[in-house]
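These figures come from a predicted structure and were not determined experimentally.
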Amino acid sequence: MESNSNDNYVLVLEDRTEVTNEKEAGKLSVISGIDDKGNLKTTEAVAANQAAFLKFNNKDGLLKNFMTNFLKQFNNPTHFGLYKVLSNNVEQGVDNLRTLLQSREKPESNQQLAEMGVPFEDYLPQQKNAIAIDLEKVDWKMLDNLGLTRERLEQSGELEKMLNWQKSNLLTIAVPIGDTTIYTEARLAFRTDNNGNIGLAIHPLRKEPQLDFPYMGYKFSPEEKEALLTTGNLGKTIEVTPKNAEPFSAYVSIDSQTNEIIALRADRVNIPKEIKGVTLSDAQYKDLVEGKVVKVEGMTAKSGKTFNATLQVNAERKGIEFIFDNNRGFKERQQQIQQQGVPHKLCGLELSDKQREALDSGRTLYLKNMVDKQGQPFNAYVRMDKEQNRPRFYKWNPDKSQKSGKEKVVAVAEEHKTQVAVNNHGKTNEATKNVKEPLKTGQTQPTAEQKQKQDENKQKKSRGRKM
C-alpha cells in the first residue's frame, strides 16, 4: 500500500465493536467528517460517494487535527482501526484492505496493514512540559553584556515569559561593537543548545520583512508577498527546507513587533473542532487547517458575552489568531502596536530617556508637574500597564501597596485627587459641585471668591422660588 504518497487519500474506519472473532474484519466505511455535535460521520466506500469523502494529504496538517478531535470521541479507540486508502481508487483499495484484515495473522499482511494504518498512539495527548527554566542555569552575564539585568527583566514582567520558553516583548539592548555601543530593540528568548545549556536567542527589530529573498529555500510569489503584507499571515501551508534539516510543511507569518518571518510546523498545530463554544462546520474547519481566514460568529468570551471574530493560524503566536479589527490591514494594526508603549511626553511632562527606560522596565516613578486637561499641574505615581500597553496613575506607590496587601486604587496622588477628578472627568463632591472654574493645583475646597459666588447663586435661586 502506498502510504507516503503526496496524492490525496481517505481514511477508512474499521469498526470492530460487533465482530465475533479475531479473524473477522470489522465494518469498513470511509470518514466523511465530524458533525456539529462532534460525532464522527462516515459513508459507504463506493465511488459514487466520492464528493462526501474527507480527503487528506501528507503535506498538510489536517490529519493531526482530525485525529485530535477523533480521539476525543472514543473512550476505547482500540475497538477501531484507521487506514489510508488512495482517494482515486477507493473501492479497489477497500477490497484489498478487507482481504488483508481477514488474514492479519500472516506476517506479510500484518506488515502491509502497519504501513496503511494510522497509529492512535502517535496522536494521543501528551502531558505538556510545565517545567520552567531554572534561574540558576541562566548565564546572567550574557544579559549583562546586552545592558540588561535580572532586576529589570523581573520588574518589566518579561523574565516570567522568558523562563516559560516564550519570547519577550521588544526590549532595548546595547550591542558593543569595537569601541562603540549600538542601541537597538529586539525580542529575546531562552533556548537550549545541543548540550542542554541555556542560551539566548535574539530577534532584532527589522525595518521591514525580507520577502524578496528565499526563506528556508522557498521564494515567495508576488501574490504571497501581498498576502503577508496585507494580513500578516501567508494564508496557506508551504514546504520549507531549513539548513541541514528535512523539509516540512509550515504556516508562515510576520512577527508584528520585529518584522521577522516566522515558520511553524503544520503538524505541531492543534486546531480544535470547537472554539469558544462554537462548533466549526467541516468547511470552516478545513479552511482553518489549511491556513485560510475563517469568520466565526456567536463565540462566547470568558465574561459570558458573545462576539464575532475572524480566525486564522498565526505562526508567531503558535496557534489561532483572533482578528477583531480585520477591516484594517496588517500594516495599520502593526503601526498601532509600535506606536503604543512608553510615550515621550506624559500629560505635558517631557520624559527623559532614563525615565522612559525605567517605565519600560516596569519600574514605578513619582512624577511631578504633569498637567491635567484644564491646565493645572499635578503629581502622581506612574507605572506602565503591560497588558494594555499604556501608563497608569496611582495615588500611592503600587509596589508598596502590593507588598502590604492593600487593594491598589488607580488614581492620582492624594493631594491632587479632587483636582483631577473635577478638571479631567467632570466629577464633583458636595464642596465643589457648584464651582464653575477649573480647580487649582491641589485644590479640594472652593476659594473665598468661589464660595461667595456660590452663596450669591443660592440666594438668587431662593428669591426666584419665592416669586
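The number of heavy-atom neighbours closer than 6.0 Å to CZ of Arg268, taken from other residues, nucleotides and ligands shown, is 12 or below. Heavy-atom neighbours of Lys225 NZ from other residues, nucleotides or ligands within 6.0 Å: above the threshold of 12. Applying the 6.0 Å contact sphere to CD of Gln50 captures more than 12 heavy atoms from other residues, nucleotides or ligands. For Lys286, the NZ atom is loosely surrounded, since the number of other residues' heavy atoms within 6.0 Å does not exceed 12. Within a 6.0 Å sphere centred on CD of Glu108, heavy atoms belonging to other residues, nucleotides or ligands number more than 12. Within a 6.0 Å radius of CZ in Arg363, no more than 12 heavy atoms belonging to other residues, nucleotides or ligands are found. Within 6.0 Å of atom NZ in Lys141, 12 or fewer heavy atoms from other residues, nucleotides or ligands are found, so the atom counts as exposed in its surroundings. Within a 6.0 Å sphere centred on NZ of Lys137, heavy atoms belonging to other residues, nucleotides or ligands number 12 at most.
Annotation: side chain of Pro391 is in contact with side chain of Met384 (closest heavy-atom distance under 4.5 Å). No side-chain heavy atom of His203 sits less than 4.5 Å from a side-chain heavy atom of Gln257. By the 4.5 Å heavy-atom criterion applied to side chains, Leu288 and Val296 are not counted as neighbours. With a 4.5 Å cut-off on side-chain heavy atoms, Asp282 and Lys273 count as touching. A heavy-atom distance below 4.5 Å is found between the side chains of Asn169 and Lys161. With a 4.5 Å cut-off on side-chain heavy atoms, Leu97 and Leu113 count as touching. Taking the side chain as every heavy atom from C-beta outward, Asn233 and Leu228 never approach each other to under 4.5 Å. You'll find the side chain of Ile275 stays beyond 4.5 Å of the side chain of Tyr285, heavy atoms only.
Taking a cutoff of 4.0 Å between a charged side-chain nitrogen and a carboxylate oxygen, Arg98 and Asp95 qualify as a salt bridge.
Heavy atoms only, all atoms of each residue included: Pro204 and Ala186 are closest at CA-CB, 3.7 Å. The two residues Leu359 and Arg383 come nearest to each other via the heavy atoms CD2-CA, 4.2 Å. Heavy-atom minimum distance, Gln312 versus Gly235: NE2-CA, 3.5 Å. Across all their heavy atoms, Glu316 and Ser253 have their closest contact at N-CB, 4.2 Å. Leu163 and Phe190 make their closest contact through CD2-CE1, 4.0 Å (heavy atoms, listed as atom of the first residue, atom of the second, distance). Residues Val94 and Val85 share a closest heavy-atom pair of N-CG1, 4.4 Å.
Here the side chain of Glu185 pairs no donor or acceptor atom with the backbone of Leu205 at under 3.5 angstrom. Although no hydrogens or angles enter the test, the distance criterion places a donor-acceptor pair under 3.5 Å between the side chain of Asn259 and the main chain of Lys207.
The aromatic rings of Phe56 and Phe66 lie perpendicular to each other, with more than 60° between the two planes, well past the 30° mark.
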Go through the steps for Val175 and Ile202 under the test side chain to side chain contact (heavy atoms under 4.5 Å, CB included), then give the verdict.
CA-CA 11 Å; Val175 182; Ile202 302 175; over 6 Å; no

Should Leu311 and Phe322 be marked as a side chain to side chain contact (heavy atoms under 4.5 Å, CB included) after you check the CA-CA gap, both sets of side-chain angles, and the distance that decides it?
CA-CA 5 Å; Leu311 310 185; Phe322 288 72; 3.4 Å; yes

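Residues passing the ring pair (Phe, Tyr, Trp, His ring centres under 6.0 Å) test with Phe307, sequence neighbours excluded: Phe324.
Put simply, CG on Asp144 and OG1 on Thr149 are 7.5 Å apart, with the number rounded to the nearest 0.5 Å.
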